[in-house]
Amino acid sequence: MKITVVGSLNMDLVSHVHHLPKAGETILSHDFRLIPGGKGANQAVAAARLGAHVSMIGMVGEDEYGSKLLNSLTEAHVHVEGIKRSGTTGMAFINVSDDGENNIVLVPGANAQMSVEHIEENLTILEESDVVLLQLEIPLPVVEYTVKKVSGLGKLVILNPAPAPAQALSPELLQHAHTLTPNETELASLSGMPTATLSEAETAAKKLLASGPKRVIVTLGEKGALLVTAEGATHVPACRVEPVDTTAAGDSFTAAFAVGIAKGMAEEEAAAFASKVAAIVVTRRGAQPSLPTLAEVEAYTF
């Protein structure tokens, strides 16, 4: 099973705080760390640790942060031939509260330099893939081009529409993305509908299905996940854990679902597997350091 991730790489500057700051509030951090991250890189590392053959296409800067990010990927056995270096590395400023919630400010850096030409230069990698994962931390035209290209090659396309887009996703993009994995906030943004309850989330997900995807999987935090297809909706309960840090929970879910599908799991089984992986992630601090191996997932008991 070969998975290619097309997406972002960021260095996460993580401050641990007692509570998330309110508007205009200055607070003290009781811990600070530099941690490799970026939604694309997180998904690549997560899939590789779960046993997939993973390649990544992306951009990092010609700086120390870029080198650290590449080292983190290679240590996880992610193939990095598709990653170029230019300018400064993207960064994410993350506040994590004591109850595990977070807020994030992104500085795109080299991620913003991703181009259609970069995708064409790495077309061989995509042609050899079974599943292609994408997110929205790189320029939207690059995402649209890649999704259309690999869909035409017969690849399974999984789009994690995060962060929530400032503009509506084009009908063409939605038609070529086989699977969407938004959280509640992203689903509300994409559908223009409320998503506070399971019933509302199902209705909003069905609206997205009408645009072309074959399935929508809504991640709902402690409420689990909702798998919605033309055949109906299935609620996947969350595994009960005490959250420490929710960073990369959604990334790990998307990656784990991709691995499950690539292994031949039924979609409900893959969603349950992904839910278990995400539950483990929120019990650990940091993005990539929190991502479990397949052996850890199989051995973990709740």
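Please read all numbers here as calculations on a predicted model, not as lab measurements.
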Which heavy-atom pair separates [X] from [Y] by the least distance, and what is that distance?
{"X": "Val54", "Y": "Ala44", "answer": "CG1-O, 3.7 Å"}
{"X": "Thr89", "Y": "Met11", "answer": "CG2-N, 4.4 Å"}
{"X": "Ser8", "Y": "Gln135", "answer": "N-OE1, 3.6 Å"}

For this session: Can you sort out the partners of Lys148 under salt bridge (charged side-chain N to carboxylate O under 4.0 Å, His left out), two or more places apart, ordered by chain and number?
Result: Glu172

Problem set entry | Listed partners of Glu62 passing salt bridge (charged side-chain N to carboxylate O under 4.0 Å, His left out), at least two apart | none

Among side-chain atoms of [X] and [Y], is any donor-acceptor pair under 3.5 angstrom?
{"X": "Gln288", "Y": "Ser72", "value": "yes"}
{"X": "Arg85", "Y": "Ser67", "value": "yes"}
{"X": "His53", "Y": "Glu128", "value": "no"}
{"X": "Thr4", "Y": "Ser55", "value": "no"}
{"X": "Thr229", "Y": "Arg215", "value": "no"}
{"X": "His16", "Y": "Arg285", "value": "yes"}
{"X": "Asn10", "Y": "Asn111", "value": "yes"}

Ion pair [X]/[Y], N-O distance below 4.0 Å:
{"X": "Glu296", "Y": "Arg284", "answer": "yes"}
{"X": "Lys155", "Y": "Glu127", "answer": "no"}
{"X": "Glu120", "Y": "Lys149", "answer": "yes"}

Exercise. Quick one: does Thr246's side chain have a donor or acceptor within less than 3.5 Å of a partner on Ala249's backbone?
Worked result: no

Problem set entry | Side-chain donor or acceptor of Thr195 paired with backbone N/O of Glu184 under 3.5 Å | yes

For this session: Give a yes or no on whether Val45 and Val132 share a hydrophobic cluster (residues Ile, Leu, Val, Met, Phe, Trp, Tyr; joining criterion: side-chain heavy atoms under 4.5 Å apart).
Result: no

Exercise. Can you list every pair that meets ring-ring contact (aromatic ring centres under 6.0 Å, His included) and has a residue in residues 23-51, with sequence neighbours left out?
Worked result: His18-His30

